[in-house]
There are 2 protein chains.
Amino acid sequence: MGKIRETFRRYLSDKGLKSTQQREIILDEFLRAGSHLSTEELYLRIRRQHPNIGYATVYRTLKLFSECGIAEEHNFGDGQTRYESVAGEEHHDHLICTGCKRIIEFEDPRIESLQDEVARLHDFKILDHRLELYGLCSECRQK
Amino acid sequence: MGKIRETFRRYLSDKGLKSTQQREIILDEFLRAGSHLSTEELYLRIRRQHPNIGYATVYRTLKLFSECGIAEEHNFGDGQTRYESVAGEEHHDHLICTGCKRIIEFEDPRIESLQDEVARLHDFKILDHRLELYGLCSECRQK
DNA sequence: TGTTTCCATGAAAATGATTATCAATCTTGG
DNA sequence: CCAAGATTGATAATCATTTTCATGGAAACA
Ligand SMILES: [Mn+2]
Ligand SMILES: [Mn+2]
Ligand SMILES: [Zn+2]
Ligand SMILES: [Zn+2]
């Protein structure tokens, strides 16, 4: 069984929550589908095979994923919360093309350590951060 | 007359829009009040002296400020859009204390130039960016 | 100054994403 | 298998923001 699925089940049992078919189905599709999907996008995908699963359940379950650490929430400014799986991958930030909505991931440890330096300077303890670069990818610039 | 007010009036006339009492009043209070205010917070302040100005007008006017470049929109994750005046000050980013909601501004040209480097690497043209560090200020950590 | 033309305004309704409610239905420990 | 309690799906409710629309106001112009 995948490590992610195991993490999720342990989280449920530790919290006295229950492992249900819906939660398994939603997790399956969440892991199968591409990243940075909105709740609605995931719901629409799931509905193709499981038209009886409710919208609210998808919302609730994605929130669970985020609580137990297997998913991360994002707000890229389009008014919808997006989720991506964090399969033990290293942290990364995002370039967002406002033309084609493409999302490019990047990581730069130098930026991360400068962030730490800034925090130290202000006697601040960082718990989370977001760095998003908005603009146009090369394809969109050629139009 | 302040440079900001002038910029705003020129923007209005260039666009064939009209200079109204409400817009002047809202701009005055926007410049007088502290930064990073939400629409509701600004509306409540304005209402003390001008109870006849409508909520929708404050929304519309703040959007105008942002369009003409005298204000900047922010989303610090509390579900409300916040605005701050950009009185020709240099760009800065934000440390946000999730305990007391305090907002600390900082700038680090080294981070900015690393962002440019990342963009170059991905053949991406940055039009905007957001860097927000969430965590706890020193005071909030001592509780 | 009066007229005309649009734009702006305020109140209220509409929207869109997300959350809460609730009766019916599963999970799970014993 | 059973009881206790969590989950689900449908739907109503929220909350911030936007739209609508009738009325009022700015501004170019006569
Ligand atoms: Mn990502
Ligand atoms: Mn600021
Ligand atoms: Zn693009
Ligand atoms: Zn604090």
Side-chain angles (χ1 to χ4, degrees), chain A residues 5 8-30 36-44 46-68 71 73-83 101, chain B residues 5 8-30 36-68 71-83 101:
Chain A
R5 271 177 256 276
F8 183 50
R9 290 193 190 151
R10 182 167 305 138
Y11 177 80
L12 292 178
S13 97
D14 285 357
K15 289 261 181 180
L17 305 177
K18 289 167 179 172
S19 186
T20 67
Q21 282 196 303
Q22 287 91 333
R23 284 173 177 167
E24 295 290 332
I25 290 167
I26 293 169
L27 179 54
D28 282 350
E29 188 60 32
F30 175 65
H36 312 120
L37 261 64
S38 70
T39 310
E40 184 183 21
E41 286 164 353
L42 187 64
Y43 167 70
L44 290 176
I46 290 170
R47 199 174 60 171
R48 299 201 292 237
Q49 300 298 321
H50 303 278
N52 44 334
I53 288 187
Y55 210 152
T57 301
V58 178
Y59 265 97
R60 288 186 281 233
T61 305
L62 282 172
K63 188 136 295 186
L64 274 182
F65 292 171
S66 145
E67 283 167 24
C68 83
E73 288 189 10
H74 291 295
N75 266 100
F76 292 141
D78 63 350
Q80 285 183 271
T81 302
R82 296 179 174 278
Y83 291 85
K101 312 302 177 194
Chain B
R5 270 177 259 274
F8 183 51
R9 290 195 190 149
R10 182 167 307 137
Y11 177 81
L12 292 179
S13 98
D14 285 357
K15 289 262 180 178
L17 305 177
K18 288 168 180 171
S19 185
T20 67
Q21 282 196 301
Q22 287 91 332
R23 284 172 178 169
E24 295 290 333
I25 290 167
I26 293 169
L27 179 53
D28 283 349
E29 189 59 34
F30 175 65
H36 311 121
L37 261 64
S38 69
T39 311
E40 184 183 23
E41 285 164 354
L42 188 64
Y43 167 71
L44 291 176
R45 289 186 61 121
I46 290 169
R47 199 174 58 170
R48 300 200 292 238
Q49 301 297 320
H50 304 278
N52 43 335
I53 290 187
Y55 212 151
T57 301
V58 178
Y59 265 98
R60 288 186 281 233
T61 306
L62 281 172
K63 188 137 294 185
L64 274 181
F65 293 170
S66 145
E67 283 167 25
C68 82
E72 212 166 79
E73 288 187 11
H74 291 295
N75 265 101
F76 292 142
D78 63 349
Q80 285 183 271
T81 301
R82 295 179 175 280
Y83 291 85
K101 313 300 179 195

- Message: What is the separation between atom CG on A:N52 and atom P on D:dT7, rounded to the nearest whole Å?
- Response: 18 Å
- Item | Separation of C:dC26 P from A:L12 CG (nearest whole Å) | 19 Å
- Message: Regarding A:R23, tell me which of base, sugar-phosphate or nothing describes its non-hydrogen contacts under 4.0 Å with the strands shown.
- Response: sugar-phosphate
- Figure out the OH/C1' separation between B:Y59 and C:dA11, and round it to whole Å. 15 Å
- Identify which nucleotide among C:dG10, C:dT18, D:dT8 has an atom closest to any side-chain atom of B:R60, counting heavy atoms from C-beta outward. C:dG10
- Query: Between the main-chain N or O of B:Q80 and the side-chain N or O of B:D78, is there a donor-acceptor pair closer than 3.5 Å?
  - Reply: yes
- CD1 of A:I53 versus C1' of D:dA10: gap in Å, rounded? 15 Å
Extract all donor-acceptor atom pairs below 3.5 Å that involve side chains of residues 15-26 of chain B and protein atoms in other chains or at least two apart in sequence.
unit_1 : atom_1 : unit_2 : atom_2 : d
B:S19  : OG     : B:E24  : OE2    : 3.3
B:T20  : OG1    : B:R23  : N      : 3.2
B:R23  : NH1    : B:K18  : O      : 2.7
B:E24  : OE1    : B:R9   : NH2    : 2.9
B:E24  : OE2    : B:R9   : NE     : 3.0
B:E24  : OE2    : B:R9   : NH2    : 3.4

- Mind checking what makes ring-ring contact (aromatic ring centres under 6.0 Å, His included) contact with B:Y83, not counting sequence neighbours? none
- Sorted by chain and number, sequence neighbours left out, ring-ring contact (aromatic ring centres under 6.0 Å, His included) with A:Y11 holds for none
- Item | Distance in angstrom units between A:R9 CZ and C:dT27 P, rounded | 13 Å
- Please name the pair of heavy atoms, one in A:L27 and one in A:F8, separated by the smallest distance, quoted to 0.1 Å. CD2-CD2, 3.8 Å
- Note on the structure: The answer to which of B:Y55 and A:A56 contacts DNA chain D further toward the 5' end, by nearest nucleotide, is A:A56
- Query: How many Å lie between NZ on B:K63 and P on D:dT17, as a whole number?
  - Reply: 8 Å
- Whole angstrom is fine here: how far is it from CD in A:Q80 over to C1' in D:dT17? 15 Å
- Task: Tell me what A:K15 touches on the nucleic acid: a base, only sugar-phosphate, or nothing, going by heavy atoms under 4.0 Å.
- Result: nothing
- Query: Counting only side-chain N and O atoms of B:T81, is one of them less than 4.0 Å from OP1 or OP2 of D:dA16?
  - Reply: no
- Of all the heavy-atom pairs spanning B:Y43 and B:G54, show the shortest one and how long it is. CE1-C, 3.9 Å
- By a strict heavy-atom criterion of less than 4.0 Å, which residues belonging to residues 36-47 of chain B are in contact with DNA chain C? none
- Nearest-Å distance for atom pair CD/C1', residues B:Q22 and C:dA11: 14 Å
Every protein N/O within reach of nucleotides 26-30 of chain D N/O, cut-off under 3.5 Å:
unit_1 : atom_1 : unit_2 : atom_2 : d
D:dA26 : N3     : B:K18  : NZ     : 3.3

- Where does DNA chain D pair, written as one dot-bracket string 5' to 3', with Watson-Crick or G-U pairs under 3.5 Å, ( ) inside the strand, [ ] for crossing pairs and | for another strand? ||||||||||||||||||||||||||||||
